[in-house]
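Computed from heavy atoms alone, side chains included, the values below leave out hydrogens, waters and symmetry copies. Keep in mind that this is a model prediction, so the values were computed, not measured.
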Amino acid sequence: MIQDFISDIISYSFLRNAILAAVLVSALTGIFSSVVVLRKIEFIGDGAAHATFGGIAFGLLLGTNYLLMAAVTAVIFAVAVSYFTRKNKLSESSVIGMLLPLSMSLGVIALSFIRGYTPDVMGLFFGNILMVTSEDVWMLLIANVIAWVFFAVFYRELLYYSYDEGMAKHYGVPIGFIHYAVLIGISLSVVGSVKIAGIILVTAFLVIPAVTSKTIAGSFRGMILISLAMAVVASVMGIFVSYVLDMPPGPVIVVMLFMEFLITVSLKALIRVRF
């Protein structure tokens, strides 16, 4: 069975693209996952994921690159949430509660104007392995390089920012720049994950790996590396299981991520990591 799976990977480009994209998405979301969980901004990631629906719908309506439109929409959403929260002292959940249904509603209206070909809406919501192309893989690779360079250059600042914003300010960390850079990174990670996991399930990539790694990691660096490793393993295993059982890969990957969480929590006393 494994041999058949490997043989099909060699034979079919769409399967190779899917696995490469899943690994790259895991690496991209895995590196931001720790910041999302430590900063407790999971709701922003979830909101940005749902906000992409509006961008995708308008992209399809206008006949432009819908992933580019989704990226623009996700970034605008995340920045708008942060702006209204920080400048107007509104609660984050309240702002997201207003902007999220607005974006979704505009997306539904845009789709209603599309004539002829009807897009695979279910694929957008839950992911579609057949939608992944070589161009997507290259875009994800470039996004990974940018993200890893950003984390390497600003590791100290991100460390302080993730644990204590007040302490970060005290040590001269440019909070505004780091905050908005992280939000943009999260938004672009969400967009890059849409084809694999879909709009509804993409939040799992941003939350579950870091929540899992937090239970056993002894440092910020360890948390990032464990998050990344768990996301990659869950993605590859999820695609394999979906291949064998003929199931949609996005939801299966999410189930695998949660299974990793359950196993880790159950065995954390035995696998406590310190690095």
Side-chain angles (χ1 to χ4, degrees), residues 1-2 4-34 36 45-46 48-49 52 56 67 70-71 74 120 122-148 185-213 224-261 263:
M1 191 172 295
I2 295 178
D4 292 337
F5 180 62
I6 296 174
S7 176
D8 283 349
I9 291 175
I10 296 173
S11 302
Y12 300 109
S13 60
F14 81 89
L15 195 53
R16 289 197 302 272
N17 289 336
I19 291 179
L20 287 172
V23 170
L24 290 171
V25 163
S26 300
L28 187 60
T29 54
I31 194 172
F32 283 104
S33 179
S34 298
V36 169
D46 186 50
T52 58
I56 290 173
L67 281 182
D120 180 15
M122 289 299 291
L124 296 176
F125 279 119
F126 297 101
N128 188 340
I129 195 171
L130 298 178
M131 295 173 65
V132 179
T133 64
S134 297
E135 289 75 15
D136 296 325
V137 173
W138 280 108
M139 288 179 62
L140 284 169
L141 180 60
I142 293 171
N144 267 273
V145 171
I146 295 173
W148 281 96
I186 291 171
S187 301
L188 296 180
S189 299
V190 164
V191 174
S193 309
V194 165
K195 285 190 176 181
I196 296 296
I199 293 169
I200 292 178
L201 304 177
V202 71
T203 313
F205 278 89
L206 280 172
V207 177
I208 299 178
V211 171
T212 305
S213 66
I224 292 175
L225 294 176
I226 295 171
S227 296
L228 189 154
M230 287 186 166
V232 170
V233 170
S235 294
V236 175
M237 287 297 298
I239 291 178
F240 174 71
V241 171
S242 66
Y243 167 87
V244 173
L245 301 179
D246 192 23
M247 298 169 66
V252 175
I253 292 173
V254 173
V255 172
M256 290 294 171
L257 287 169
F258 188 70
M259 291 297 295
E260 286 181 336
F261 168 75
I263 293 172

For residues 230-241, dump all side-chain donor-acceptor pairs below 3.5 Å to protein atoms at least two apart in sequence or in another chain.
{"from": "Ser235", "atom 1": "OG", "to": "Ser26", "atom 2": "OG", "distance (Å)": "2.6"}
{"from": "Ser235", "atom 1": "OG", "to": "Ala231", "atom 2": "O", "distance (Å)": "2.9"}

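Of all heavy-atom pairs spanning Gly185 and Phe32, the tightest one is CA-CZ, 3.5 Å. Taking all atoms of both residues into account, the shortest heavy-atom contact from Ile56 to Ala70 is CG1-CB, 3.6 Å.
Atom CG of Leu206 sits about 10.5 Å away from atom OG of Ser227, to the nearest 0.5 Å. Once rounded to the nearest 0.5 Å, the distance linking CD1 of Ile208 with CD1 of Ile253 reads 11.5 Å. Within the model, atoms CD1 of Ile146 and CG of Leu141 stand 10.0 Å from one another, a figure rounded to the nearest 0.5 Å. In this structure, Thr29 OG1 and Leu188 CG are separated by 13.0 Å, a value rounded to the nearest 0.5 Å.
For Ser187 (side chain) and Ala74 (main-chain N/O), a donor-acceptor pair under 3.5 Å exists by modelled atom type. At least one donor-acceptor pair under 3.5 Å links the side chain of Ser33 to the backbone N or O of Ala210.
In this structure, the side chains of Phe205 and Leu28 stay at 4.5 Å or more apart for every pair of heavy atoms.
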